[in-house]
Structure formats: C-alpha cells, structure tokens
Student: 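Before I ask anything, here is the structure I am working with.
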Amino acid sequence: MSTAGEVINESRKVVVKIGSQTLSDEHGAVNKAAMHNIVEQLHDLRKQGKQIIIVSSGAGICGVGAINKWHRKEDINYKQALCAIGQVELMMAYKELFGEYGIHVGQMLLSREDFGDHMRNLHIRNTLFTLVDEGVVPVINENDSVSVEEIKIGDNDTLSALTANLWGADLLIILSDIDGIYDKNPKEYRDAELIEEVHDIDGLMLEIDSSGKSRFGTGGVVTKISAAERVTKYGIPLILANGTKPDILRKIVDGSEKATIFYGK
Ligand code: ADP
C-alpha cells in the first residue's frame with residue numbers, strides 16, 4: 001500500500017480543497033502568507049505534470065476582512081452579502097498569486113441543483129476539462145449568495161468530493177488546520193492520536209469522537225469523513241492534511257509530515 005506521499009506523487013488529476021481554517025489567521029483575517037505558500041506548492045505540483053482543481057472556502061472571512069463589519073450578524077441576508085463581497089476578494093487573491101507564475105484562474109460557483117441535473121453536470125464537466133486542458137486553474141466554491149439552507153451542499157468538503165467524482169480525479173486533498181483525523185478532537189484533548197491510514201470508514205466512525213467544530217469552519221471532521229466515503233467508493237483516495245503548516249504537501253511527499261489517508265476501495 002502506497003504512503004500518502006507516494007499517492008501524491010503517483011496522482012495526476014488532483015482536487016485540492018482549501019478550508020477556511022487554512023485561509024484565515026487566529027483573528028479570522030485572511031492569511032495571505034499561508035495562501036501564498038499553498039499556491040506555490042500547487043504550482044510545484046503542476047510543474048511535475050499534475051492537473052489541479054481548487055475548491056476554496058473563505059468567502060465569508062474575506063468579506064469581513066474587506067468591509068470590516070457585519071461579522072456578528074446572524075441574519076442570512078448579511079451572511080450571503082458578506083460572501084458576495086468576499087468571493088471577489090478571494091478570487092483577486094488567487095488571481096494575483098497564480099498570476100506570479102503566469103497562470104490564469106477561472107471561477108465556478110456551484111450549487112446542489114447543478115450536481116443533480118444531468119445537463120448541468122455535463123456543462124460543469126466540460127468547462128472543468130476545458131479550463132484544465134488549457135492550463136487554467138479552476139477555483140470552485142458553493143454559490144453561497146443563491147443557496148438557501150434547504151438546497152445547500154452546505155460545506156466545501158462535500159463540494160470537493162462531488163467535484164473529484166465528476167472530474168474523475170486521481171486524488172482529493174483536503175487542507176484543514178489539523179494533521180488529519182484523530183481518535184478524538186485534538187483541540188480539546190492533548191493525548192489525541194493521529195490515525196494515519198483509513199481502510200474502513202464505517203469502523204473509523206465507531207472508533208473516534210468527532211464532536212466539536214471550530215468557529216469559522218462549517219463542516220468539522222464529520223463532513224471530511226463523509227467526503228472520504230463519497231470518493232473512495234469510486235476508487236479515489238482522500239488525504240486530509242494540515243494546510244496551516246508551511247510546505248505541507250512537500251513535507252508529506254518527503255515524509256517529514258504526517259497526514260491521514262483514506263484509501264480508495
Ligand atoms: P475547515 O474549515 O478547514 O473545513 P473545520 O473547522 O470545519 O475545518 O473542521 C476541522 C476541525 O474539526 C478541527 O480543527 C478540529 O477542531 C475538529 N475535530 C473534531 N473532532 C476531530 C477529530 N476526531 N479529529 C480531527 N479533528 C477533529
């Protein structure tokens with residue numbers, strides 16, 4: 001069985017989900033340095049001949065950063081308005097960072113209905129293939145401003161899994177603020193132990209305590225595990241890694257950092 005590093009090396013089509021925890025600092029502001037470092041690593045992967053699609057959270061945080069108000073509003077209209085503002089900021093940051101390497105980015109805002117409809121599915125797929133074939137990096141996010149609760153995909157872990165399946169990716173990497181799945185929440189328990197390899201997701205769910213999620217994230221660890229369920233069914237492995245650690249992907253490849261890998265069935 002290949003290690004997480006070997007799986008990264010062997011994969012050609014890679015979907016990378018970047019969580020809000022990875023893109024923000026401890027005050028909830030956009031962490032430009034972290035974003036820069038991730039883009040640099042993704043550029044490295046591309047230089048090795050890999051194709052990359054990004055699924056990025058962080059519109060809400062970027063919205064707060066841009067206008068510096070409304071962050072305490074619970075009203076859905078304000079939340080969606082913040083995402084509308086922040087999405088522009090987020091894309092500007094990606095455009096600037098990839099622009100340093102002469103790479104274009106393309107934005108795709110998707111909702112659950114898009115994945116449920118055959119024609120829309122086809123169009124998403126064709127657009128993704130065209131962008132990637134032409135060397136553009138697609139950056140996908142949920143279309144928060146139109147998605148009301150009932151029709152929301154709800155979290156970008158699920159969105160990244162749907163994308164990986166639709167594109168026929170070789171690997172899904174989810175970057176969060178933890179090294180991987182632990183037997184219990186590492187933010188609450190210092191003795192939590194990292195689980196490096198998962199072959200049996202049902203068994204894992206019985207073994208671990210997955211309660212508690214952080215302030216800015218929406219999914220917590222449960223949505224990451226269900227994303228793993230979705231992709232491994234189609235033979236696509238998922239790596240959950242700590243995107244807040246500089247050079248994390250390079251370090252997983254050289255073996256100096258750990259992560260959790262869910263193997264494809
Ligand atoms: P993101 O915004 O990156 O998607 P989330 O905050 O939604 O991240 O989810 C990650 C969080 O889930 C971790 O920071 C951690 O506090 C929490 N968590 C709860 N249980 C576990 C567990 N068993 N293993 C790892 N993380 C856990």
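One-based numbering, in listed order, for ligands and for the atoms of each.
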Student: If the cut-off is 4.0 Å to any non-hydrogen atom of Gly19, which atoms of ligand 1 fall inside it?
Tutor: 3 (O)

Student: For Ala192, is the nearest heavy atom under 4.0 Å from an atom of ligand 1?
Tutor: no

Student: Hey, does Asp157 come in under 3.5 Å of ligand 1, counting only N/O atoms on both sides?
Tutor: no

Student: What is the minimum heavy-atom distance between Ile140 and Leu128, and which atoms define it?
Tutor: CD1-CD2, 3.9 Å

Student: Based purely on interatomic distance, does Lys17 place a nitrogen or oxygen under 3.5 Å from a nitrogen or oxygen of ligand 1?
Tutor: yes

Student: Which atoms of ligand 1 are found less than 4.0 Å from any heavy atom of Ser176?
Tutor: 1 (P), 3 (O), 8 (O), 10 (C)

Student: So which atom in Asp25 and which in Asn31 form the shortest heavy-atom distance, rounded to 0.1 Å?
Tutor: N-CB, 4.0 Å

Student: Identify whether the distance between the nearest side-chain nitrogen and carboxylate oxygen of Lys245 and Asp179 falls below 4.0 Å.
Tutor: yes

Student: Check each heavy atom of Gln21 against ligand 1 and say whether those closer than 4.0 Å belong to the side chain, the backbone, both or neither.
Tutor: both

Student: Tell me whether ligand 1 is touched by Ile178 - counting only heavy atoms on the residue side and a distance under 4.0 Å.
Tutor: yes

Student: Anything under 30° is parallel, anything over 60° is perpendicular, the rest tilted; go ahead and classify Tyr78 against Trp70.
Tutor: perpendicular

Student: Tell me, yes or no, whether the heavy-atom count around Lys251 atom NZ, taken from other residues, nucleotides or ligands under 6.0 Å, exceeds 12.
Tutor: yes

